[in-house]
Amino acid sequence: MVFAFRSLSRRILTAPTSSPLQQGYSRSKFNFKSPHVHLVLRATMASTPARTQPPWKEPKSEHAAKLKVWNSLTRSKNDFVPVDPEGKLVKWYSCGPTVYDDAHLGHARNYVTIDILRRIIAGYFGYNLQFVQNITDVDDKIILRGRQQHILAQYKAKNPKISDDVAATTVAAFNAYIKKNLPLLNPELAPEDFNKESAEKYANVIAGRSVDGTAAPGDKEAKIKMHLKTVGTAATALLSPSKSTPEDIELFYTGAEDVLLPYLDSIHGSKIDASDHTVFTKLTQKYEARFMEDMRNLNVLDPDVVTRVTEYGDQIVTFVNKIVDNGFAYKTSDGSVYFDIDSFEKIPGNHYARLAPWSRGDKALQADGEGALSQQKTSEKRSEADFALWKSSKPGEPAWKSPWGPGRPGWHIECSVMASDVLGEQMDIHSGGVDLCFPHHDNELAQSEAHWSGDKGGHQWVNYFLHMGHLSISGSKMSKSLKNFTTIREALARGDWTARSLRIIFLMGGWHDGIEITDAMRKAGTGWESSISNFFYKVRDREVNPMIDATCKADEEILKAFETAKEKVHSGLSDSFDTTSAMRAISTLVTACNSAEPTDLSDSVAFDVARYITRMVRIFGLDGSADPYDGGIGWSGIDIPSEAKEFVYAAARERDEVRKHAVTGDLSSSVLESIIAQHKSAHQQDASAAPYAQALSTFQDNLRNLAEKQAPAKDFLALCDALRDTHLWDLGIYLEDRKDLPSMVRPVDAELRFAREEKETIARQKAEAKAQRQREEAEKQAKLAAQAKINPKDMFRTAEYSAWDADGLPTKDKEGKELSKGAGKRVKKEWEKQKKLFDEYSKGAGKA
């Protein structure tokens, strides 16, 4: 049988086992090509009653379990016992990405969290891992997206200018999109009327409510917002006054793309040459490479084994054939093959929908699992719930030869075949996002157990299912279909997150619980990272400036806290990877160490604690590829450049001495020269070291200049401050002054920058407030000065009055009526006040 699949070229990696962490998952060397992740929108529970849950067969072993894991198969915590008779090897299959777009932060939640569990199992508990992850490079989403992009590219090439025909086609696409996705709008809506009508018909959604305005918004409303945005962008493109320049044309097509893609596909999709698989592989190869780049940027370890659907043509057909032969699948006249759920469940010990029995009747989830191109009614299906193992290919879809005719694999069968091929008829762990429970993983289970058990029934293909919780934004799950996401590369490029800061957030929550990132959560994560960094700064400083290695009075207390922390970390990780309690225990230990006076804690105890914390944060994947078991201290980002050390540490020592002698008042020229003489740098340095050498020599020259001038101590202290706050700061290095201790050399990090910016902001606000007060006072004085020049005899000679006495005091109002007694007193009081001002002014002007 001939297949157009790429030849099987699975890459299996073997790693040297130099440490528990390295056992089973070293970086792979093979070429990755394409990525995306299946996110199946979870529907509400169906009303179909759940069938009896079959008993989970607990794995047997002579070796005691090291941990318990939350198992989706039992919805409880179970002792973790590997299939391996020696209890060392753990077989793990993880559902990988479907590659048609860039991965977003929701994907990061899944893959980073899986990476954390993987590292703990190998790095902390010492198991050898065989970690397999697939790449889905053919499915309905990929076929549709690849074909649409191909057709649009051809259309743009044929229409390099925005002609009347292009505009008319885009308007038709605009209306077709509205008719399908925004039913409350007029299906023949003119682009210029979109804003007004959408604001009226979807006012509740736009205002953040449900469509009917009676409830909170959900995924339905999120989709409507996405469709409104798509149509609004297309309307803007259509209404653009200029469509002639290359920039205008590109902007037009970019704005109209999302309405043109489905419209042009509906016209031309069935006409393309689907035997040319490059129509689809151009898309998948691009996004697999980008996915793997994103994962490495997030410090996610490469899989030991990577499998691709397009590399498994022969195996998939053989696997499906076996299921048919076993009596659990049937062919339809169109060349498709469906899994027969009823036949499967007639065998004792076989059960369908073991992971989510409450969802087995959910038609929306079933339809989503079958794919966007498989929504037509199939009268030959024996049951509506039966799912495709092999799909006949329609015009415009890629096809491969099979005994049932030209077709392609169903979504679920791919994982069953690839996992079984690499790991055999049983594995320890199967993982993925919680969305995959039903139907994907339940279908995997059924078809795999149907394949392996035959008519015996009761085969347990997977012992432990681990499902990662969602990452949400404003209560809505991140989803490519909702377009409510930030891609991983965007978030990292903008500095919204680092690989470490995002991983810390995931570590601080339960791995199978949902996470909604809030400002409070981000603040907590930043605080935890800052606390650990500051602890490492202080301990690493002891390597340069040793304190004391004899037993100190705080040692006993810290050692007790150390043992308590280790027990809590171990207890937490053994209890289904409870990283939340482990992170809290580490934080508590760091707080205890930081609360002790530096001279009350011996170097040896500080180093022991720091090595342990270093080991744990490296096991958690918070320090790149650093080996947890190399005895090192700290993580990346806490050290200054190696080429800077000679000069910066010399400058720090000299500065400390100068400050000390300046304060005591004995900073003579001879003392100063003895301080400077402690360091004599080479005449030539590497180019990378030149800025630091220059900072040191400039500091020394300035010291000598002050000494020659016999400058006061305050000038020396100001120079020391300038070295700290300007010269070294601008080189990314900070000298942290400490009472009775040498200054601590550390890099300028985000926390320091924020603190300085905050301090500068406060100082600027104070200066601005002072300047404002001074301006107001000056204006007040100027006003008083101008007021003082007015002669009291003239001040009331206005239209408000009609008669005055000899001193200029008014006696009658403008209507000629005598002023009342009260009014007379008031003007008399003002007149006397002005007379006093005028007399003082006159004396000052020499007129008295």
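By convention here, the first residue in the shown sequence is residue 1.
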**Message:** Run Arg522 and Ser501 through side-chain hydrogen bond (donor to acceptor under 3.5 Å, both in side chains) and show every step you take.
**Reply:** CA-CA 8 Å; Arg522 292 188 68 141; Ser501 65; over 6 Å; no
**Asked** Is a side-chain donor-acceptor pair under 3.5 Å present for Ser76 with Trp56?
**Response** no
**Request:** Would you please indicate yes or no on a ring centroid separation below 6.0 angstrom for Phe291 and Tyr111?
**Result:** yes
**Prompt:** Are the charged groups of Lys553 and Glu597 less than 4.0 angstrom apart, N to O?
**Reply:** no
**Prompt:** Hey, does the Lys NZ or Arg CZ of Arg542 hover above the aromatic six-ring of Phe607, less than 6.0 Å from the centre and inside 45° of the axis?
**Reply:** no
**Request:** Examine Tyr464 together with His430 and report whether their ring centres are nearer than 6.0 Å.
**Result:** no
**Request:** Decide, yes or no, whether a salt bridge links Lys77 with Asp575 under the criterion of side-chain N to carboxylate O below 4.0 Å.
**Result:** yes
**Request:** Show the numbers, then the answer: is there a side-chain hydrogen bond (donor to acceptor under 3.5 Å, both in side chains) between Ser72 and His467?
**Result:** CA-CA 7 Å; Ser72 296; His467 287 103; 2.8 Å; yes
**side-chain hydrogen bond (donor to acceptor under 3.5 Å, both in side chains) assessment of Ser581 paired with Asp578** = CA-CA 6 Å; Ser581 62; Asp578 181 5; 2.9 Å; yes
**Item:** CA sep, side-chain torsions, deciding dist, call: Asp79, Lys66, salt bridge (Lys or Arg N to Asp or Glu O under 4.0 Å)
**Value:** CA-CA 8 Å; Asp79 286 342; Lys66 298 179 181 179; over 6 Å; no
**Message:** What I want to find out is whether Glu449 reaches Arg354 closely enough, with some N-O distance under 4.0 Å, to be called a salt bridge.
**Reply:** yes
**Item:** Audit row: Lys91, Asp84, salt bridge (Lys or Arg N to Asp or Glu O under 4.0 Å) steps and yes/no
**Value:** CA-CA 9 Å; Lys91 297 180 178 181; Asp84 177 31; over 6 Å; no
**Item:** Basic-acidic side-chain contact under 4.0 Å: Asp115, Arg503
**Value:** yes
**Prompt:** Does Arg118 make a cation-pi contact with Phe131, if we ask for NZ or CZ under 6.0 Å from the ring centre and within 45° of the axis?
**Reply:** yes
**Asked** Parallel, tilted or perpendicular: which describes the rings of Trp528 and Trp635, with under 30° parallel and over 60° perpendicular?
**Response** tilted
**Prompt:** Quick one: do Asp630 and Arg615 make a salt bridge, cutoff under 4.0 Å?
**Reply:** no
**Message:** Any heavy-atom pair between the side chains of Asp435 and His470 that's under 4.5 Å?
**Reply:** yes
**Ring centres under 6.0 angstrom apart (Phe80, Tyr127)** = yes
**Asked** Does the pair Glu736 and Ser743 meet the rule for a side-chain hydrogen bond (donor to acceptor under 3.5 Å, both in side chains), with working shown?
**Response** CA-CA 5 Å; Glu736 183 176 314; Ser743 58; over 6 Å; no
**Asked** Can the positive tip of Lys566 be found less than 6.0 Å from the middle of the six-membered ring of Phe562, inside 45° of the ring normal?
**Response** yes
